[in-house]
Engineer: 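So that we are looking at the same thing, I have put the structure below in structure tokens.
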Amino acid sequence: MKRLIKNNVHWLGKIDWELRKFHGEEYSTHSGSSYNSYLIQEEKTVLIDTVWRPFADEFVANLESEIDLESIDYIIINHGENDHSGALSKLMEKIPNTPIYCTKNAVGSLMGQYHKSWNFNVVKTGDTLDIGNGKSLVFVEMRMLHWPDSMATYLTEDNILFSNDAFGQHYACEHLFNDLADQCKLSEEAMKYYANILNPFNKILKKKLEDILSLNLTIDIIATSHGVIWRENPIQIVEKYQAWCNDYQENQITVIYDTMWNGTKQVAEKIVEGIQLEDSDVTVKLFNISKSDDNDLATEVFKSKAIAVGSPTVSNSVLRSLVGFLHYMKELKFKNKKATAFGCYGWSGESPQVLMTMLEEAGFELVGDSFKVNWNMTKNVELEAIEFGKSFVKEL
Ligand code: FEO
């Protein structure tokens, strides 16, 4: 069923309530997601993006129940990733000659995935497409936001920016619009999406936001490809992105550990105690990494000004949960964040130094020395752990 966005623009996507993992197993989607496709019916009929491949049959059937597929004049593919182009093959079986407008990189992506030489029309930033009734589409390349092929499409007169992945959220919502959504969940999911998907491209995003704003486009609606559509004060999410792409941090310290026999856990708790004693204003959060979701944890790191990471020493190294997570931190390219490390050991005691090296490689600025505890803490060593937490805060 198509749902009205504005005038002759309708949503015709799929809300995926059951989705719990996205990008394979890489991204947790506790709130599901949606794949937003849009239909514009002016003198020309335009389809913007499709849906993920498992929903291809359903999507094409829905589209067919709304319009004669032969009436589609143009297909716009803002981004070739399968969650948006997954129904294209099924659709093109029925209308094989319909022109597809996309970036040059998207042609490579679509041909690489589907091995078809469809009627591609390459567009660049500033190119326009007249769709009649005094309206046109303006294309804006969004290279590396988040793929080399990404672009956005702006509909004049209706002032709708079809932003594809940018400004999206993995959030299945019965309401299509931001003003009707659960504001807390929307805010959390938008930030999680940014931290886990867009943060590596901060510099590019900063420049692109400046470019978009310098175009002085009136933007009444930002129609994303995932989650809810921003129609009430749509610039609020642009302003959030402007803050987030500037090496964002809040007054938060996150302590992350893994543990075998709870020794490192107890050290972590004492470090938290020290942080709280030294600074009663700072938000301190403590996570056992093996009982936490990596993407949620990455979002906590995104919000933090500093992190402390702990592991016991195992085979002269650290528990593998930390290795995977710190590799992920390196991928996300967080900047302007400080860090330290700690851990228990029985014999050789390398884990804090191994963690310090990994933290530095992941782009964190190391603060002071790491802290290690032989076997379990005595009362005196507990006081040392509290002092370590205090001195960490003082040095930030
Ligand atoms: Fe939502 Fe990059 O695909």
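Indexing begins at 1, ligand by ligand and atom by atom, following the structure's order.
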Engineer: Can you tell me how far CG of Leu366 sits from CG of Leu359, rounded to the nearest 0.5 angstrom?
Structural biologist: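 The distance works out to 6.5 Å.
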Engineer: Checking only N/O/S atoms, does His146 have one that is under 2.8 Å from atom 2 (Fe) of ligand 1?
Structural biologist: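 Yes, since at least one N, O or S atom of His146 sits under 2.8 Å from atom 2 (Fe) of ligand 1.
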Engineer: Sort out for me which residue in Asn62, Thr50, Asp16 forms a side-chain contact (heavy atoms from CB on, under 4.5 Å) with Phe55.
Structural biologist: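 Exactly one pass, corresponding to Asp16.
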Engineer: Please state whether the separation between atom 2 (Fe) of ligand 1 and some N/O/S atom of Asp83 is under 2.8 Å?
Structural biologist: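 Under 2.8 Å: Asp83 has no N, O or S contact with atom 2 (Fe) of ligand 1.
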Engineer: What does the angle at atom 2 (Fe) of ligand 1 come to, between atom NE2 of His79 and atom OD2 of Asp165, rounded to 10°?
Structural biologist: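 His79 NE2 and Asp165 OD2 form an angle of 90° at atom 2 (Fe) of ligand 1.
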Engineer: By atom name, which N, O or S atom of Glu81 is the nearest to atom 2 (Fe) of ligand 1?
Structural biologist: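 Minimum-distance N/O/S atom of Glu81 relative to atom 2 (Fe) of ligand 1 is OE1.
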Engineer: Would you call Glu300 and Lys303 a salt bridge, taking side-chain N to carboxylate O under 4.0 Å as the test?
Structural biologist: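 Salt bridge between Glu300 and Lys303, a charged N being under 4.0 Å from a carboxylate O: yes.
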Engineer: Give a yes/no answer: is there an N/O/S atom of His226 under 2.8 Å from atom 1 (Fe) of ligand 1?
Structural biologist: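 His226 does place an N, O or S atom closer than 2.8 Å to atom 1 (Fe) of ligand 1.
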Engineer: My understanding is that only one of Tyr194, Tyr193, Tyr328 makes a ring-ring contact (aromatic ring centres under 6.0 Å, His included) with Phe302; could you say which?
Structural biologist: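 Of the listed options, the one satisfying the test is Tyr194.
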Engineer: Does Phe59 have Lys14 sitting over its ring (NZ/CZ under 6.0 Å from centre, angle to axis within 45°)?
Structural biologist: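 So Lys14 doesn't make the cation-pi contact.
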